[in-house]
Number of protein chains: 2
Amino acid sequence: MAVNLSAPEPASLRPVAGVELGWAEAGIRKLGRKDLLLLRLVPGAAVAGVFTQNRSCAAPVLVCREHLAAASAVRALVVNTGCANAGTGEPGLADARQTCAAVGKLLGCEATAVLPFSTGVIMEPLPVARLIAGLPQAAARFAIDHWPQAAEAIMTTDTVPKAASRRFALDGVPTAVTGIAKGAGMIKPNMATMLGFVATDAAVAPALLQRLVAQVAEVSFNRITVDGDTSTNDSFVLIATGGNGAAPIANEADARYPLLADEVAAVAQQLAQAIVRDGEGATKFIEIAVEGAASEAEAKQVAYAVAQSPLVKTAFFASDPNLGRILAAVGNAGIADLDAARVQLHLNDVWAARNGGRHPDYREEDGQRVMCGAEIVVRIALGRGTASATVWTCDLSHGYVSINADYRS
Amino acid sequence: MAVNLSAPEPASLRPVAGVELGWAEAGIRKLGRKDLLLLRLVPGAAVAGVFTQNRSCAAPVLVCREHLAAASAVRALVVNTGCANAGTGEPGLADARQTCAAVGKLLGCEATAVLPFSTGVIMEPLPVARLIAGLPQAAARFAIDHWPQAAEAIMTTDTVPKAASRRFALDGVPTAVTGIAKGAGMIKPNMATMLGFVATDAAVAPALLQRLVAQVAEVSFNRITVDGDTSTNDSFVLIATGGNGAAPIANEADARYPLLADEVAAVAQQLAQAIVRDGEGATKFIEIAVEGAASEAEAKQVAYAVAQSPLVKTAFFASDPNLGRILAAVGNAGIADLDAARVQLHLNDVWAARNGGRHPDYREEDGQRVMCGAEIVVRIALGRGTASATVWTCDLSHGYVSINADYRS
């Protein structure tokens with residue numbers, strides 16, 4: 001039921017020299033499904049990440065932050081589905097550390113050179129013995145062209161695997177950016193998304209890579225919402241292997257930096273939008289573009305207020321141009337001095353509200369025509385300044401309720 | 001489908017001397033239903049109100065604020081359903097003023113002595129001619145014992161009329177507090193609810209009445225949420241007629257003030273909880289009690305974060321003790337220095353999470369038993385201080401999606 005989203009062509013996902021991927025069916029929660037992913041990185045690869053701002057963050061997030069702060073090198077990533085290892089207290093932390101130690105032993109590196117990631121049900125203990133037992137099977141499958149299987153191995157309620165890839169010349173050197181991500185509920189990333197991994201074979205200095213991952217998150221994963229619930233496990237990791245053989249990019253003044261940043265952002269945006277297209281129960285893909293704001297933060301705040309309103313989202317599900325709900329959500333965004341009489345509202349090409357009220361020329365059938373589409377652009381002008389921001393979201397359907405009423409069964 | 005809520009016994013709703021109520025079937029949106037309510041107040045009645053903080057507030061809200069600020073006396077309230085007169089710009093304001101003028105002409109008072117209220121679909125023009133044509137019918141029905149019919153006349157998607165009443169002695173003088181309210185969606189009041197009217201025959205000085213209405217709103221209508229969407233039309237009005245014959249209460253030092261305030265708050269809380277019990281699609285009534293907070297504002301913030309999480313609400317609908325979602329919502333509440341390892345979670349009598357993780361003695365069947373009930377108390381201790389706050393909410397069901405996907409049809 002994903003909106004205009006199908007599984008990526010395996011051949012379209014370019015290998016990234018220096019990144020090997022292997023998976024296993026470890027039976028973490030259910031038997032017979034890929035639920036464990038192992039990534040091995042070439043020595044010298046730079047790794048940076050951003051993580052959930054949820055204060056109840058998962059044990060693996062705490063361990064990732066610790067290892068990224070302490071380690072001089074990251075050599076492996078280990079990802080499991082079926083259990084989030086969140087709300088698990090001290091035992092959960094011990095489980096995450098034990099996982100890293102087992103990966104380190106298997107691959108011949110320090111435990112602190114391993115980053116752990118988990119996704120699934122919260123407040124249940126991690127079946128760490130089954131996870132560790134599956135590691136050799138995953139390592140046995142290491143190959144650089146296993147991105148399609150890796151995208152499958154991190155799915156939970158996703159109906160479509162999510163991967164994106166670009167190939168381009170960076171100062172004449174052929175370079176790749178390839179990534180995978182998962183949704184599909186508890187999606188309102190704050191600094192990162194519910195597991196996104198993007199790798200490039202360009203070489204980037206670690207400090208610059210950390211700036212890049214934050215910049216890219218801000219225009220991709222931090223611009224989507226399915227249900228407004230920020231996950232306990234959000235993690236977005238960017239890997240730069242140096243496998244393209246070119247000299248490292250050391251700072252933003254390097255002419256290659258903006259080119260690489262654009263390519264990484266394009267991959268991340270494609271992944272972020274794929275999460276929304278495959279949002280739990282989604283039947284429509286909606287872009288909320290707010291302009292004329294006093295600041296970008298304000299524009300984003302208004303866009304999220306609209307994108308997260310259950311009444312707006314159910315109206316989209318019904319293809320009902322009940323557009324007053326959008327104006328109500330704008331008024332609800334917490335902009336204390338907003339003048340509602342300056343607000344303009346467009347749906348695709350239809351000017352629905354002028355100066356805070358129904359446009360005199362607006363006809364219900366025009367709104368209806370737009371609402372019947374599977375892709376809708378809502379454009380809101382606030383009349384306060386020149387800043388803008390865009391957020392992507394989906395509708396709220398019976399499917400969302402069914403999926404989340406049944407998630408653990 | 002309301003949760004443990006039935007229509008009030010007509011005899012239980014005490015008349016308030018000085019308040020007459022009449023209704024009409026004006027055909028505002030649909031034929032053959034009560035959709036217009038008129039209240040006539042005795043000269044000298046004090047009236048105070050609090051209104052939505054939504055910046056896209058409705059035309060009648062603007063006019064109410066204007067008339068309350070300007071008028072020396074309020075003599076009448078006029079309420080229509082079927083159209084919110086919000087998102088209607090200047091023409092909407094003119095319609096609200098014209099309504100007040102028509103009521104004033106009919107009842108022999110200034111237009112500024114009339115307060116208008118509307119509820120229904122947003123961004124559609126008010127059928128002001130039909131409304132005005134219905135006024136004489138409503139006035140012909142003026143009686144002090146028409147509170148039950150008044151509660152019916154303001155219903156929209158409500159399935160049960162909402163009214164509450166108390167009778168008590170105030171310094172020996174028999175006194176009544178009676179009120180009505182409506183829900184049932186776009187409910188996350190901010191200063192007031194989607195139409196609540198409470199009257200007492202005690203006499204209260206206007207300035208004190210304004211303080212009282214704000215105090216009462218804070219512990220009643222400002223403590224509920226159905227879907228987190230603050231309405232454009234929220235209005236909570238408190239009327240004090242002086243019809244009990246006693247001397248006016250002029251300030252908070254009067255010993256009668258706290259007694260009256262408690263009675264008014266009890267009526268308002270009963271109405272507020274009725275709105276949740278009859279929330280769109282509600283199958284469960286849930287109390288979220290947060291304690292151990294650093295401030296009351298913080299406690300309320302955490303309670304609302306839990307009460308508004310779609311994932312928490314769908315888990316309640318499914319009677320699924322997926323309690324990690326509650327911990328995730330707590331972590332999501334925006335308390336930057338929250339220590340998740342100090343959070344305790346109880347469901348009714350079941351201690352589910354201790355120090356941020358699953359309690360070692362917690363058994364799924366105990367959580368299941370609580371979740372299967374229609375009334376659930378979620379108690380969250382933050383371990384940060386001594387402040388507390390309670391919020392009432394309902395679950396998120398297929399019914400909510402159906403109602404809001406069909407609302408205009």
Pair count under 4.5 Å, heavy atoms only, with chain B: among G89(A), P310(A), S231(A), highest is P310(A)
Roughly how far, to the nearest 0.5 Å, is CD1 of I122(B) from CG of L323(A)? 10.5 Å
Which portion of D395(A) sits near chain B, non-hydrogen atoms under 4.5 angstrom: neither
Value rounded to 0.5 Å, distance of CZ in R55(B) from CG in N332(A): 12.0 Å
Highest number of heavy-atom pairs under 4.5 Å with chain A among T232(B), D337(B), V312(B) belongs to D337(B)
Counting only non-hydrogen atoms closer than 4.5 Å, does S309(B) touch chain A with its backbone (N, CA, C, O), its side chain (CB onward), both, or neither? both
On a heavy-atom basis, which atom in V401(A) and which in V401(B) lie closest, and how many Å separate them? CG2-CG2, 3.8 Å
Where does A336(B) contact chain A at under 4.5 Å (heavy atoms): side chain, backbone, both or neither? backbone
Separation between CG of D227(B) and NZ of K313(A), rounded to the nearest 0.5 Å: 13.0 Å
Heavy-atom closest contact (A405(B) atom, A318(A) atom, distance): O-CB, 3.0 Å
Could you tell me if the side chain of F317(B) sits less than 4.5 Å from the side chain of N404(A), heavy atoms only? no
Is it the backbone or the side chain of A328(B) that comes under 4.5 Å from a heavy atom of chain A, or both, or neither? both
Closest heavy-atom pair and its distance - A340(B), S56(A): CB-CA, 3.9 Å
Interchain contact, S397(B) with chain A, by part (heavy-atom threshold 4.5 Å): backbone
Heavy-atom cut-off 4.5 Å, strictly under: side chain, backbone, both or neither for I335(B) against chain A? backbone
Without swapping roles, check the side chain of R358(B) against the backbone of G87(A) for a donor-acceptor pair under 3.5 Å. no
Taking all heavy atoms of M123(A) and all of A352(B), pick out the closest pair and write down the distance. CE-O, 3.8 Å
